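See below for the structure under consideration.
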Amino acid sequence: MSTAKLDPYTASAEKNQHTPLEKVTGLHEIVKGAKVGMLTTRSGDGNMHSRAMTPASPYTDTQLNLVFLANNVTHKFDEIEHDAHVNVSFLNNETTAWASFSGKARVSKDKDVIKKHWSSYVSAYFGDLKDGVHKGDETDPRISVIEVVPDEIRYWIPHKGALGRAIDAGVGAITGKVSAPGEIRTITNAEVWTFLQAMQAYG
């Protein structure tokens, strides 16, 4: 039996007829609505660790890479050094829309990037240690950039509100038909690199 028959929900929900730009626009709505993502890394013993991370702003209309400013003495930097493959997921609790970025993380101390994305909100996570060095500002040596460059992005957006989804699920339970009140979209590796190359050429 085919995968489509065994997994009718995914077969019904997957919609990839949209243009790459339409898919990126839909993705950005989820990321901006969720605000906070979960960055997942793998440790040397194989365990997966996730933590809440807020992508740095500004976020351009065609941007697919995620930029985070983080404290480089934390374990996630050791884990990225061990294995650069990461996942960042987002969930909008109000709409239940979700997004999953699968890709690789690269670490830098690029001063221009740090300056571009620095804010007083970020400084609150570092604090001034009063030693004249670790001041919790953009010159603090603890600050590094984690850039997640996606290989593939998948996301789901609902077409109905909570009530509509509940009705669909109820009808499906009674009739045996699959409930798919939204659609799954994929931004492929080829599409990702088209946008990344365009950004590099522009900037």
Side-chain angles (χ1 to χ4, degrees), residues 9-10 13-16 18-42 48-71 74-77 79-80 84-107 113-114 116-126 143-166 168-169 179-189 191-192 195-196 199:
Y9 172 82
T10 300
E14 283 189 323
K15 306 290 183 183
N16 288 309
H18 301 279
T19 67
L21 186 56
E22 287 173 337
K23 289 191 280 187
V24 171
T25 299
L27 172 69
H28 285 182
E29 291 176 358
I30 297 173
V31 173
K32 291 176 181 178
K35 296 183 176 63
V36 176
M38 296 296 291
L39 170 65
T40 302
T41 54
R42 186 189 299 274
M48 310 292 284
H49 297 139
S50 299
R51 73 284 293 163
M53 301 281 288
T54 302
S57 296
Y59 199 79
T60 64
D61 290 342
T62 57
Q63 181 177 335
L64 290 178
N65 58 320
L66 298 170
V67 176
F68 303 97
L69 300 184
N71 191 327
T74 55
H75 291 301
K76 55 182 167 285
F77 283 86
E79 294 179 351
I80 290 170
H85 292 86
V86 300
N87 180 272
V88 185
S89 58
F90 295 87
L91 172 66
N92 186 319
N93 288 322
E94 293 184 3
T95 66
T96 69
W98 57 261
S100 174
F101 291 67
S102 297
K104 299 180 183 67
R106 53 193 186 196
V107 173
V113 175
I114 293 172
K116 176 182 178 181
H117 296 293
W118 187 258
S119 70
S120 57
Y121 173 82
V122 176
S123 67
Y125 287 92
F126 290 87
I143 299 165
S144 286
V145 177
I146 299 174
E147 180 185 8
V148 175
V149 180
D151 292 320
E152 182 183 79
I153 303 167
R154 287 171 61 83
Y155 68 91
W156 181 85
I157 54 173
H159 288 161
K160 298 181 180 181
L163 179 59
R165 296 196 299 273
D168 265 12
S179 171
E183 64 180 76
I184 298 171
R185 299 176 184 175
T186 300
I187 301 176
T188 65
N189 181 263
E191 291 170 336
V192 167
F195 277 100
L196 291 177
M199 284 184 62

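Note that these values count all heavy atoms, side chains included, but never hydrogens, waters or copies made by symmetry. Computed from a prediction, not measured in an experiment: that's the story for all the values here.
Between Glu183 and Arg185 there is a salt bridge, since at least one side-chain N of the basic residue sits less than 4.0 Å from a carboxylate O of the acidic one.
Side-chain N or O atoms of His18 include none that pairs as donor or acceptor with a backbone N or O of Val24 at under 3.5 Å. A donor-acceptor distance shorter than 3.5 angstrom exists from the side chain of Arg51 to the backbone of Leu39, with no hydrogens or angles considered. The backbone N or O of His28 lies less than 3.5 Å from no partner atom in the side chain of Tyr155, so there is not a single donor-acceptor pair. Checking side-chain atoms of Asp151 against main-chain N and O of Asn189 turns up no donor-acceptor pair under 3.5 Å. With Lys23 contributing its side chain and Thr186 its backbone, the two residues share a donor-acceptor pair below 3.5 Å.
Contact record, Ala99 with Leu27: CB-CD1, 3.7 Å, taken as the closest heavy-atom pair. Scanning both residues, Ile157 and Ala97, for their nearest heavy atoms gives CA-CB, 4.3 Å. Contact record, Val88 with Gly37: CG1-CA, 4.5 Å, taken as the closest heavy-atom pair. Of all non-hydrogen atoms in Ser144 and Phe77, the two that sit nearest each other are CB-CE2, 3.7 Å. Of all non-hydrogen atoms in Pro150 and Leu64, the two that sit nearest each other are CG-O, 3.5 Å.
Atom OG1 of Thr40 is separated from atom NE2 of His85 by 14.5 Å, given to the nearest 0.5 angstrom. The structure places CD of Glu147 at 4.5 Å from CG of Asn65, a figure rounded to the nearest 0.5 Å. Atoms CE and CZ, on Met53 and Phe90 in that order, are 10.0 Å from each other to the nearest 0.5 Å. For the atom pair CD (Glu152) and CD1 (Ile187), the distance works out to 9.5 Å, reported to the nearest 0.5 Å. The structure places OG1 of Thr95 at 7.0 Å from CD1 of Ile30, a figure rounded to the nearest 0.5 Å. To the nearest 0.5 Å, atoms CD1 (Ile153) and CZ (Phe101) are separated by 4.5 Å.
At a threshold of 4.5 Å between non-hydrogen side-chain atoms, the residues Phe68 and Pro55 count as touching. Using a 4.5 Å cut-off on side-chain heavy atoms (C-beta onward), Glu79 and His49 make contact. The shortest distance between side-chain heavy atoms of Tyr125 and Thr54 does not fall below 4.5 Å. The shortest side-chain heavy-atom distance between Ile146 and Lys76 falls under the 4.5 Å cut-off. Annotation: side chain of Leu69 is not in contact with side chain of Phe126 (no heavy-atom distance under 4.5 Å).
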